[in-house]
Amino acid sequence: MDDVDLCDLDAFEQGTVWASFDRLRRGAPLHWNPEPAPNAGFWSLTRHADVVRVTRDDAAFSSEVGGANLEELDPEQVEARKSMLETDGARHRALRRLLAPEFTARSLAGYEVFLRGLTRMTVDAALARPAFDFVHEVSADFPIRVLARMLDVPEEHTDQLIAWGNRMVGNTDPDYADVLADDEASERYRLLPFRSPAALEVFEYGFDLAARRRGGSGTDLVSRLVNQRPEDGLPLSDRDFRNYFLLLVVAGNETTRHAISHTTRALLDHPDQLAVLSAEPERIPAAVEEFLRWASPVYHFRRTATRDVELHGRTIRAGDKVVVWFAAANRDESVFDEPYRFDVTRTRVDHVTFGKGGPHFCLGSQLARLEIRIMFEELIPRLDGLAPAGPTTRMRSNFINGIKRFPVAAHSSEESPHEH
Ligand code: HEM
């Protein structure tokens, strides 16, 4: 398996990485992936059971020691960039609980009417055009508008929030990054999340909101963050606040978007599956789980071993980087029958798209589910007549399984949607 290199961004951009995931999962479930210096290399885990085990065992596999991304950080960088996602133990729980009540299914139910109205508006405006880019007109716009509402910021700021998210998460994609993360020029941004200058703008924006909300009675996410004391008694530092705020902007922006694009593409490519949901829309809520498995918008997160761990006959040494490939685990044939079949009637879809039962399990999972359900309840009845109208382009990233462009067009009834 020495020829498999999960740092090879071409394979992700071209969509050929899935064959490598399959080979590793079957033949090398614990695979050592060398990296160019100064990075030391990492272990890859691609089986469902292993991904679940590692994400649940935060004592042996820390998010805090070296962060949650592949980039190797020195202690100063770890400290400066740390958010809840890169914190273990009691402090992590305290930070998470600050906002967890806002993200329960029960709290979010209050957004359903707003979301449905927003979805209809977004979808109707897009479909009124004969041809458009689905990412730009539908997927990118919708999740960020929801977040803007939760942060209580004006709708006119959504384009700016999208652009910040792209610049940060797209830090390995020349279409998005101002400074590529592997370029020497990014060295001056080494203390910023994603090594991205966009982070500075996000911090400034967040601090400005915080200053205006501190001491007020607002119920938006920023007000909640600045006006509560974490349950461990330690106040939220400026570092805690800015990195928390930035995490929300990225996580609420760059993931649900791609889930919507991948799913729409899959429905257009599999008219039989679209027909099932058009005929029986009551199946859509359950089908959301297959949409999430299929899309797998987050390829991986990283942990650092805190002690030696034996696995598959090899030893992960304390200090080693361990990467859990959620996307690969979502194609594990020991869990999913014919994993490459997009099947909206699957039951008990035990995907790891949001992680699985570990302390860092996606805080926004219920929000993402709600957004995706409403989007497809509104979109599916209107999809008839829409077809891909050109190549779909993927992000150049082994972190986010993102779609950059997805041109679609209304086709006449004589035309087959598969001709494109
Ligand atoms: C389809 C959409 C989404 C996907 C695929 C996704 C995926 C993930 C994954 C894989 C994790 C880490 C899990 C782990 O390490 O165990 C995570 C964590 C997180 N997600 Fe999401 N996410 C999505 C949507 C959202 C949304 C809409 C928000 C809300 C703003 C959000 C906020 C977060 C936060 C704050 C964390 C860190 C939680 C912690 O460290 O305790 N996510 N997400």
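Whatever order the structure lists ligands and atoms in, that order sets their numbers, starting from 1. Worth saying up front: this structure is predicted, and the values here are computed from it rather than measured.
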- At what distance is the nearest protein heavy atom to atom 32 (C) of ligand 1, and which residue and atom is it? A251 CB, 3.4 Å
- Ignoring angles and geometry beyond distance, decide whether H92 reaches within less than 3.5 Å of ligand 1 through its nitrogen or oxygen atoms. yes
- Task: Would you kindly specify which portion of F361 sits under 4.0 Å from ligand 1, judged on non-hydrogen atoms: side chain, backbone, both or neither?
- Result: backbone
- Item | Per-atom contacts of ligand 1 with V298, taking only distances under 4.0 Å to non-hydrogen atoms | 7 (C)
- Message: Please determine whether a side-chain nitrogen of the Lys or Arg among E231 and R93 lies less than 4.0 Å from a carboxylate oxygen of the Asp or Glu.
- Response: no
- Query: Heavy-atom contacts under 4.0 Å between V324 and ligand 1: side chain, backbone, both, or neither?
  - Reply: neither
- Query: Does the side chain of H351 come under 3.5 Å of the side chain of H48 through a donor N or O and an acceptor N or O?
  - Reply: no
- Message: Heavy-atom pairs closer than 4.0 Å: do any link ligand 1 to the side chain of F354, the backbone, both, or neither?
- Response: both
- Message: Salt bridge or not between R369 and E289? Use side-chain N to carboxylate O under 4.0 Å.
- Response: yes
- Query: Taking 4.0 angstrom as the limit, do R242 and D238 come out as a salt bridge?
  - Reply: no
- Query: Is it true that R314 and E310 have a side-chain N and a carboxylate O under 4.0 angstrom from each other?
  - Reply: no
- Message: For V352, is there any backbone N or O sitting under 3.5 Å from a side-chain donor or acceptor partner on N330?
- Response: yes
- Task: Give the residue and atom name of whichever protein heavy atom lies nearest to atom 38 (C) of ligand 1, and the separation in Å to one decimal.
- Result: R96 NH1, 3.4 Å
- Message: When you compare ligand 1 with R303, is there at least one nitrogen or oxygen pair between them that comes in under 3.5 angstrom?
- Response: yes
- Are the aromatic ring centres of Y299 and F12 under 6.0 angstrom apart? yes
- Message: Taking D320 first and then R317, would you say they form a salt bridge - that is, a charged N and a carboxylate O separated by under 4.0 Å?
- Response: no
- Distance-only N or O hit between ligand 1 and H360, under 3.5 Å: yes
- Query: Of all the non-hydrogen atoms in the protein, which one sits nearest to atom 28 (C) of ligand 1, and at what distance?
  - Reply: G364 CA, 3.5 Å
- Are any of the heavy atoms in P297 under 4.0 Å away from ligand 1? yes
- Look at atom 34 (C) of ligand 1 and say which protein heavy atom is nearest, naming residue and atom and giving the distance to 0.1 Å. L363 CB, 3.8 Å
- Message: Can you report which non-hydrogen protein atom sits closest to atom 29 (C) of ligand 1, along with the distance?
- Response: F103 CE2, 3.7 Å
- Message: Please check: side-chain N/O of D240 versus main-chain N/O of S237, any donor-acceptor pairing under 3.5 Å?
- Response: yes
- Closest non-hydrogen protein atom to atom 42 (N) of ligand 1, residue and atom name please, with distance? C362 SG, 3.0 Å
- Test item, P359 contacting ligand 1 (heavy atom, 4.0 angstrom): yes
- In the protein, what heavy atom is nearest to atom 23 (C) of ligand 1, and what distance, to one decimal place, separates them? T255 OG1, 3.3 Å
- Message: Salt bridge or not between R302 and E71? Use side-chain N to carboxylate O under 4.0 Å.
- Response: no
- Message: Regarding ligand 1, does T256 bring an N or O atom to under 3.5 Å of one of the ligand's N or O atoms?
- Response: no
- For atom 30 (C) of ligand 1, what is the nearest protein heavy atom, given as residue, atom name and distance? G252 CA, 3.6 Å
- Query: Backbone, side chain, both or neither: what part of M84 comes under 4.0 angstrom of ligand 1, heavy atoms only?
  - Reply: both
- Item | Electrostatic pair R149-E155, nearest N-O below 4.0 angstrom | no
- Message: I'd like the name of whichever of D88, L221, V352, L292 reaches closest to atom 1 (C) of ligand 1 through any heavy atom.
- Response: L292
- Task: Would you mind listing which atoms of ligand 1 come within a distance below 4.0 Å of any non-hydrogen atom of T353?
- Result: 5 (C), 7 (C), 10 (C)
- Query: Should K356 and D350 count as an ion pair when the cut-off is N to O under 4.0 Å?
  - Reply: yes
- Does any donor atom in the side chain of R224 or T219 lie under 3.5 Å from an acceptor atom in the other side chain? no
